[in-house]
S.K.: 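Sending over a structure as structure tokens; questions will come in a sec.
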There are 2 protein chains.
Amino acid sequence: MTATAHPAARGGYAKGRATREEILDSAMRLFGEVGYHTASLREVSARVGISHPGLLHHFASKAALLEAVLVRRDEIDQAAFDADVAAGTDFFDALVRVVERNAERPGIVELFATLSAEATSPEHPAHRYFEARYRTVIDQSVSAFTRWQSAGRLRAGIEPLVAARLIVAVMDGLQVQFLMERDGPGAQLDMAAALRAQIDALRAP
Amino acid sequence: MTATAHPAARGGYAKGRATREEILDSAMRLFGEVGYHTASLREVSARVGISHPGLLHHFASKAALLEAVLVRRDEIDQAAFDADVAAGTDFFDALVRVVERNAERPGIVELFATLSAEATSPEHPAHRYFEARYRTVIDQSVSAFTRWQSAGRLRAGIEPLVAARLIVAVMDGLQVQFLMERDGPGAQLDMAAALRAQIDALRAP
DNA sequence: GTCTATACAACGATAGAC
DNA sequence: GTCTATCGTTGTATAGAC
């Protein structure tokens with residue numbers, strides 16, 4: 001089926017680390033395009049120009065490849081978020097900026113939206129990853145809302161934990177609507193604006 | 001419109017319908033247990049007691065079987081929702097009751113949460129189904145919030161369309177958190193209570 | 001350590017017999 | 001309407017070239 005490139009065509013064998021990065025790039029792109037389940041290891045390897053057992057030398061399984069993609073993507077996003085917060089940006093403003101950046105990369109949004117739902121199953125290879133991720137984001141949001149509460153800025157009758165879960169739920173849910181309408185007619189959903197409205201709604205009047 | 005195309009002119013439907021129902025029952029159960037992708041046609045057919053080409057005689061593809069399951073599930077849910085509204089229940093109270101019922105059926109919640117994310121892709125067999133579903137729910141919510149607005153009950157600065165999208169986003173997002181924590185320690189997430197908090201947050205103070 | 005080649009069981013789907 | 005047989009593709013495992 002595919003014309004497998006020979007090692008010589010790719011510059012020899014001494015490319016271990018570089019090949020790994022190429023695989024990660026290729027996999028992140030393909031997972032984002034067609035989803036994790038639909039993407040095949042043979043297609044990822046073909047795009048890199050190696051055989052699929054060649055890929056499996058760098059990543060022991062498809063699940064391991066997925067996890068590496070997730071960790072890598074998270075490092076990039078987390079770095080941008082941390083930079084914002086370190087620069088003095090308000091926590092929720094920094095969240096809005098994350099959403100703004102995501103709106104520019106539908107492929108990544110699709111990957112995370114699909115995976116966070118799949119990974120809900122305890123047996124899914126990315127389950128522990130997403131569990132930890134949700135715990136972290138919710139904990140940080142609870143802290144921020146608790147500070148609001150102390151300053152009398154949190155809407156009465158809503159606990160910080162519930163507010164935190166609603167914020168995270170809105171970020172997740174908006175992604176699905178954003179993706180669902182991306183090919184349709186009319187103006188596209190502005191996720192960042194909707195998130196701002198949600199933050200306002202949780203603010204004391 | 002639907003992809004469940006029957007061979008229009010065919011004689012013997014008498015026994016076919018019963019088998020069809022058995023397949024639908026079995027598929028809905030298995031999809032809910034292990035998810036759409038993990039479930040195999042061979043397993044569904046084995047539970048019914050036929051071969052998998054036998055199943056494919058009733059449903060042209062795995063995707064067509066999925067769509068039939070979704071339509072069937074939706075009819076049941078919609079009937080319960082409509083009954084609530086017909087009995088004079090407020091629109092948002094009826095939504096909360098939908099969520100309450102869902103909390104009793106994690107398998108169905110997982111099926112819908114996973115699929116609504118997957119079906120985001122325009123090529124997915126259930127894409128058109130979910131697109132229509134979202135349009136309907138959002139339209140109904142917009143109507144309800146517009147009535148709120150006329151009565152001065154909608155929080156100032158939030159448009160009915162944005163409020164509607166936030167409600168739907170919260171319902172979707174809470175499902176992911178609910179599923180993600182279902183096997184973990186501690187008390188389980190109360191989706192209905194969180195949805196009530198969200199509705200309160202969108203109410204004029 | 002890096003990679004190709006090959007084999008395997010399970011999958012969705014199709015063809016044709018009864 | 002349901003079967004057996006078969007196809008191409010998938011994730012994965014192993015053997016071995018350099």
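Convention: sequence-line order gives letters A, B, ...; per-chain numbering from 1. Every value quoted in this text rests on a predicted model; they were computed, and no experiment measured them.
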S.K.: When you check the gap from the basic side-chain N to the acidic O, do Glu181(B) and Arg165(A) get nearer than 4.0 Å?
M.R.: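 Yes, charged N to carboxylate O under 4.0 Å.
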S.K.: Using whole Å, report how far CZ of Phe31(A) lies from C1' of dG11(D).
M.R.: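 These atoms are roughly 12 Å apart.
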S.K.: Leu56(A) CG to dA13(D) P: how many Å, rounded?
M.R.: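 Going from Leu56(A) (CG) to dA13(D) (P), I get 8 Å.
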S.K.: Quickly work out the Leu55(A) CG to dA5(C) C1' distance and round it to whole Å.
M.R.: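 It is 16 Å, rounded to the nearest whole Å.
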S.K.: Does Ala18(A) reach a base, just sugar-phosphate, or nothing at all? Heavy atoms under 4.0 Å.
M.R.: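 Nothing, no heavy atom under 4.0 Å.
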S.K.: Taking any heavy-atom pair under 4.0 Å as a contact, classify Ala63(B): base, sugar-phosphate, or nothing.
M.R.: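 Answer is nothing: Ala63(B) stays at 4.0 Å or more from every strand.
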S.K.: Going by atom types alone, do Gln78(A) and Asp82(A) pair a side-chain donor with an acceptor below 3.5 Å?
M.R.: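 There is such a pair (donor and acceptor under 3.5 Å, judged by atom type) between the side chains of Gln78(A) and Asp82(A).
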S.K.: Could you give the CZ-to-P distance, from Phe59(A) to dT2(C), as a whole number of Å?
M.R.: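 Rounding to the nearest Å, CZ of Phe59(A) and P of dT2(C) are 11 Å apart.
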S.K.: Atom CG of Leu41(A) and atom P of dT4(C): how far apart are they, to the nearest Å?
M.R.: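 Nearest whole value for this atom pair: 14 Å.
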S.K.: Select one nucleotide: of dT10(D), dC3(C), dA13(C), the one nearest the side-chain heavy atoms of Ser40(A).
M.R.: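 Selected nucleotide: dT10(D).
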S.K.: May I ask you to decide whether Arg196(B) forms a salt bridge with Glu100(B), counting only side-chain N to carboxylate O separations under 4.0 Å?
M.R.: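 Salt bridge between Arg196(B) and Glu100(B), a charged N being under 4.0 Å from a carboxylate O: yes.
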S.K.: Using whole Å, what does the distance between atom P of nucleotide dC3(C) and atom CD of Glu22(A) come to?
M.R.: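 Checked: the CD to P distance equals 9 Å.
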S.K.: If you check the Thr19(B) side chain, which of dT2(D), dT12(D), dT4(C) turns out closest?
M.R.: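 When the side chain of Thr19(B) is considered, dT2(D) is the closest of dT2(D), dT12(D), dT4(C).
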S.K.: Is there a side-chain polar atom (N or O) of Ser51(B) under 4.0 Å from OP1 or OP2 of dT2(D)?
M.R.: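 No, no such contact exists.
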S.K.: Does the distance from a Lys or Arg side-chain N to an Asp or Glu carboxylate O, for Glu21(A) and Arg17(A), drop under 4.0 Å?
M.R.: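 Yes, charged N to carboxylate O under 4.0 Å.
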S.K.: So for His58(A) and dT2(C), does any side-chain atom that can act as donor or acceptor lie under 3.5 Å from a complementary atom in the base?
M.R.: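 In this structure, the two groups form no donor-acceptor pair.
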S.K.: Roughly how many Å is it from CD1 in Ile50(A) to C1' in dT4(C), rounded to a whole number?
M.R.: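 The distance from CD1 of Ile50(A) to C1' of dT4(C) comes to 10 Å, rounded to the nearest Å.
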S.K.: Looking only at side-chain atoms of His52(B), point me to the closest of dA5(C), dC3(D), dA13(C).
M.R.: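 It is dA13(C).
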S.K.: Whole-Å distance between dT14(D) P and His57(A) NE2?
M.R.: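 Rounded to whole Å, this separation is 15 Å.
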S.K.: Give the intermediate values and the outcome of ring-ring contact (aromatic ring centres under 6.0 Å, His included) for residues Phe92(B) and Trp148(B).
M.R.: CA-CA 11 Å; Phe92(B) 294 109; Trp148(B) 272 29; 5.1 Å; yes
S.K.: Could you check which of dG11(D), dG1(C), dA13(C) has an atom nearest any side-chain atom of Lys62(B)?
M.R.: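 Side chain of Lys62(B) sits closest to dA13(C).
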S.K.: Could you check which of dT14(D), dT4(D), dC11(C) has an atom nearest any side-chain atom of Pro53(A)?
M.R.: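 Ranking dT14(D), dT4(D), dC11(C) by closest atom to the Pro53(A) side chain puts dT14(D) first.
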